[in-house]
Number of protein chains: 2
Amino acid sequence: MHQVREEAIVQTVIRLLGEKGFDAMTVDEVAAAVGIAKASLYKHFPGKEQLAAAAMVHVVRRALQFLQIVPPDISPVDKLKSVVGWAMSLQLADEMPALPSRNSSLRPVLLGNSDYMEGLRALGEQLGAWITEAQAQGLITASLPPQVILYTLYARACDPVVGFLKQGSQFSNAQIVDMVLRSSFEGLNSRPGSA
Amino acid sequence: MHQVREEAIVQTVIRLLGEKGFDAMTVDEVAAAVGIAKASLYKHFPGKEQLAAAAMVHVVRRALQFLQIVPPDISPVDKLKSVVGWAMSLQLADEMPALPSRNSSLRPVLLGNSDYMEGLRALGEQLGAWITEAQAQGLITASLPPQVILYTLYARACDPVVGFLKQGSQFSNAQIVDMVLRSSFEGLNSRPGSA
DNA sequence: GTCTATAGCTCGATAGAC
DNA sequence: GTCTATCGAGCTATAGAC
């Protein structure tokens, strides 16, 4: 009950974080969207930052869960594409929070949240393993440090291009994911082997 | 005098927009950073949104100026790389505002600002011409619509990866620009012809 | 529902130029 | 003396917190 309510709150916060960002999101909005009194929110979470942090932890948890169901028999680069494509789908469904800006009051709270930091570490570890594996197999470029690849994948997961293209409503969600994934992995330059 | 003051204000706003984003930026901060009273700001700009809009117009103007000095004898894809690399350098110098979120109060003001919209149109027109030219020459992929390429270039110009890598302070600015440019144009996949 | 802090915004006084 | 520019101080609304 208490747990179910909390789940609904977190879900709402994730959506609002995606739509407006942390600073523009108000806890009045959150309360109104969930359909509870603002004061009730504070029974669940001590403050706005912790509210947002809970949402971020939830997203990281879901990402870790997704890693579990990535087919183990596909190539490491396809595993990476699968994860990034999944994240883009989340964004299209308004379930991917925007990155907090560097000076946001949210940042220190996230850095001090061990659930979040531990989740991020686990995420980076698994993705990092796939990256080096893919590099060893010659599937992704070895001329970029694995860390740069990892950051790039994180950035693509919340790439604003997805939102731009969605707004135009000229393409289906599947097309958007496909195009942005291709531009990321194959690059913008033409390729000898590609069409 | 009045003009010089206004230039200093805009410069400060550009920096703060890059550091904190529109919502987290306060006009008290702007006034303090410029070294004038808050009331004086309102002699120059009617409100916070217009303040930010002036900064955005300034950035677009600078981009258009940069287009003028791009060497005309290089390939269209190199022209595009040059522009995106320049934008990344701006970001590294804290002179590239962050994208406003979709529901920001800044958005309608920007959409109603004819200087901004006209600048953006001119920018898109020139870049679009280079894109189709590069596609016609087989230099960049023709399997993505020009509009998708254009959006992708805009997104790379304020790519958060640049900030991530800068924060680590493990790479020089030139290295960061080079790596992010390569990841964008050559892609993450390994290439037959590359190292 | 109430309290408090703060962010956006404005006004009246002051100071200097002419 | 008038005019303009600037700034300290204050107003109002609202967001976070209880």
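Worth saying up front: this structure is predicted, and the values here are computed from it rather than measured.
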Find the distance [X]:[atom1] to [N]:[atom2] and express it as a whole number of Å.
X	N	atom1	atom2	answer
D28(B)	dC11(D)	CG	C1'	14 Å
K48(A)	dT6(C)	NZ	C1'	13 Å
Y42(B)	dT12(D)	OH	P	16 Å
L41(B)	dA9(D)	CG	P	18 Å
M25(B)	dC9(C)	CE	P	10 Å
D23(B)	dT14(D)	CG	C1'	14 Å
L16(B)	dA7(C)	CG	P	13 Å

### Query
Does any donor-acceptor pair link the side chain of K38(A) with the base of dG16(D) at a separation under 3.5 Å?
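Yes, the side chain and the base share a sub-3.5 Å donor-acceptor pair.
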### Query
Any sub-3.5 Å donor-acceptor pair from E95(A)'s side-chain atoms to R15(A)'s backbone N or O?
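Checking the backbone N and O of R15(A) against the side chain of E95(A), no donor-acceptor pair under 3.5 Å is found.
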### Query
Short question: side chain of K48(A), backbone of F22(A) - any donor-acceptor pair under 3.5 Å?
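Yes, because the side chain of K48(A) sits within donor-acceptor range (under 3.5 Å) of the backbone of F22(A).
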To the side chain of [X], which of [options] is closest?
X	options	answer
E49(A)	dA17(D), dG8(C), dG8(D)	dA17(D)
K43(B)	dC7(D), dT6(D), dA7(C)	dT6(D)
A39(A)	dA15(D), dG1(C), dC9(C)	dG1(C)

### Task
Take the angle between the ring planes of F164(A) and Y151(B) and call it parallel below 30°, perpendicular above 60°, tilted in between.
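Answer is perpendicular, since the angle exceeds 60°.
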### Query
Where each residue is assigned the nucleotide of DNA chain D containing its nearest heavy atom, which of P46(A) and G35(B) is assigned the position nearer the 5′ end?
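Its nucleotide being nearer the 5' end, the pick is G35(B).
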### Query
Atom CG in L165(B), atom CD1 in I176(B): separation rounded to 0.5 Å?
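One finds 5.0 Å between CG of L165(B) and CD1 of I176(B).
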### Query
Does some side-chain heavy atom of K81(B) sit less than 4.5 Å from a side-chain heavy atom of N189(A)?
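They are in side-chain contact.
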### Message
Using OP1 and OP2 only, check whether a side-chain N or O of R5(B) sits under 4.0 Å from dT6(D).
### Response
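It does, given that an N or O in the side chain of R5(B) lies less than 4.0 Å from OP1 or OP2 of dT6(D).
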### Query
Has S40(B) got a side-chain N or O lying under 4.0 Å from the OP1 or OP2 atom of dC7(D)?
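Checking dC7(D) against S40(B), a side-chain N or O does come within under 4.0 Å of OP1 or OP2.
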